[in-house]
Number of protein chains: 2
Amino acid sequence: MKPKTKIIIVDDHAIILEGLKSLIELDDSLTVAGEASSSMECLKLLPAILPKLVLLDLKMPGIDGIEATRLIKQRYPNIKVILLTNYDDEEYVIESIKAGADGYVLKDVKKGDLLKIIHTVLKGRAFIDPAVTKKIFYNLKNSSNLVSEHKGRHSLTERELEILSNLAEGKSNKEIAQTIHLSLETVKSHLKNIYQKFNVHNRAQAIKIALQEEIVHFSR
Amino acid sequence: MKPKTKIIIVDDHAIILEGLKSLIELDDSLTVAGEASSSMECLKLLPAILPKLVLLDLKMPGIDGIEATRLIKQRYPNIKVILLTNYDDEEYVIESIKAGADGYVLKDVKKGDLLKIIHTVLKGRAFIDPAVTKKIFYNLKNSSNLVSEHKGRHSLTERELEILSNLAEGKSNKEIAQTIHLSLETVKSHLKNIYQKFNVHNRAQAIKIALQEEIVHFSR
DNA sequence: GGCATTATCCCCCCTCTGGGGGATTTATAA
DNA sequence: TTATAAATCCCCCAGAGGGGGGATAATGCC
């Protein structure tokens, strides 16, 4: 009897974890060798289990699936990664592929299909949910290389981060200038740059993005 | 040996259906007597199975969970209904309760907790996820005078809440006015009142408070 | 009937903000 | 050496935003 192919599954929802497990165990050639409810947990399991494939939820608190994919592929390029998601947003798909994911599957996948997809990926071929490929092709046609540049990791400088966190406190430009001992104009300059990097046009939107992407945090 | 308590589970995602089933079957006193991937399917199963409880996904194509709850309770008032959802939106909670749901549970519920909740509901007690009760209490303050007034405790009106959530989206006054079909001046008026109730002086601070006190939420 | 609340809209005033130009210094990478 | 990027500061200007007054109609409460 052949040894079963080891898979690690990662999702912050226990229900989905259960579902994936019982789905995968339907296939005699596969086994769930590990379960994790966060990317961090998953990364810790890797060296001990050394699975052939990791099934990752895309959206999770803390390190998300895309970032986790990047980290996994950095250390274990041979481990296959499939991202599971609710979002057919082309932004995520492209980021996922860049991060090195071998599969991108919507959560409304049918029972048997997921197993087929797993085997496809294990054979070394990539799989992207047909439901999302349409959108990608459409967008690639319309905006040649804009997409890759557009949302490609807005990396803020130290100063910009400092100003951003002050911004999220609800401070005015003048107050920010005073607290970090800068000229008003300097603060404005930095803000202009931040807005450009975020592709927004006012402080409220910037705050929203900063909090959503966990670039800055509340003091709770 | 006692007969097991029959449960029907309904979700349009096969993975979640699997997860719920294997979760529920962990409990010896319960059994999944039926599975449906839509409300319509579920309604057809009811007369044949006559379960004690139905676990319904809130968001489904076609008839959603709330509407399905209403239909189920109309014909079978004794069947318990628990709604499963990703959304801690108070709108849905209140609608669900009005529709007659006995439970309202977020999908990130822990393994064992779901079983406890099922038993709680089977005993005739209602269960609402603690994560959402905060918002409900907040809004009940507006309708009933039991807890209200006293000190500067800001209780916002419906309109103000609506504007606040738009504010937190990063919209400008003009955009808010357009989306909810109001005059710019009206929006400004409401904002003035919100600022007073929050005791702040600009939108950024208002957003911060709204998010911190969980009056409005991100879409995560 | 009065009273309070809410929701709607209007005016004025002035500050703040966002976006468009810059410039200079310093450090770092090519 | 020469770019390149980051951080600092400056000017200008239109328009958005905040704070102060209102007004009117609808509702519900005592």
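Letters A, B, ... are given to chains in the order of the sequence lines, protein chains preceding strands, and every chain is numbered from 1.
Listed pair B:Thr157 / C:dT5 fails the phosphate criterion, with no side-chain N or O lying under 4.0 Å from OP1 or OP2. The side chain of B:Ser189 places no N or O atom within less than 4.0 Å of a non-bridging phosphate oxygen (OP1 or OP2) of C:dA7.
Between the CG atom of A:Leu191 and the C1' atom of C:dG19 there is a distance of 12 Å, rounded to whole Å. Atom pair A:Lys197:NZ and C:dG19:P shows a separation of 16 Å (rounding to whole Å applied). Nucleotide D:dC9 holds its C1' atom 13 Å from the CG atom of A:Asn193, rounded to whole Å. Taking atom CD1 of residue A:Ile180 and atom P of nucleotide D:dC9, one finds them 10 Å apart after rounding to whole Å. With rounding to whole Å, A:His190 atom NE2 is found 16 Å from D:dA5 atom P. Rounded to an integer number of Å, the gap from CD of B:Glu162 to P of C:dT6 is 16 Å. Counting to the nearest Å, the P atom of C:dT17 and the CD1 atom of A:Ile207 are 11 Å from each other. Distance, B:Glu158 CD to C:dT5 C1': 14 Å, rounded to whole Å.
Under 3.5 Å, the side chain of A:Thr186 and the base of D:dC9 form no donor-acceptor pair of N or O atoms.
Residues in residues 171-185 of chain B take part in no salt bridge (Lys or Arg N to Asp or Glu O under 4.0 Å) pair, two or more places apart or across chains.
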Working note: B:Lys107 + B:Asp57, criterion salt bridge (charged side-chain N to carboxylate O under 4.0 Å, His left out); need CA distance, chi angles, decisive distance, verdict. CA-CA 9 Å; B:Lys107 277 191 183 165; B:Asp57 188 18; 3.1 Å; yes
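Considering only the side chain of A:Arg159, D:dA7 comes nearest among D:dA7, C:dT8, D:dC9.
At a threshold of 4.0 angstrom between heavy atoms, the contacts of B:His201 are confined to the sugar-phosphate backbone, with no base atom among them.
In the helix from C:dG1-D:dC30 to C:dA30-D:dT1, the rotation axis of the first five pairs and that of the last five pairs differ in direction by 50°, rounded to 10 degrees.
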Summary of protein contacts for nucleotides 11-17 of chain D, nucleotide by nucleotide, where a base hit scores B, a sugar-phosphate-only hit scores S (4.0 Å, heavy atoms): BB---SS
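Looking only at atom types and distance, the side chain of A:Ser165 has no donor-acceptor partner in the side chain of A:Glu169 under 3.5 Å away. Of the N and O atoms on the side chains of A:Asn173 and A:Arg203, at least one donor lies less than 3.5 Å from an acceptor on the other residue.
The local environment of NZ in B:Lys52 is sparse, with at most 12 non-hydrogen atoms from other residues, nucleotides or ligands closer than 6.0 Å.
Salt bridge status for B:Lys59 with B:Asp11: absent, with no side-chain N to carboxylate O gap under 4.0 Å. Under a 4.0 Å N-O distance rule, the pair B:Glu67/B:Arg70 qualifies as a salt bridge.
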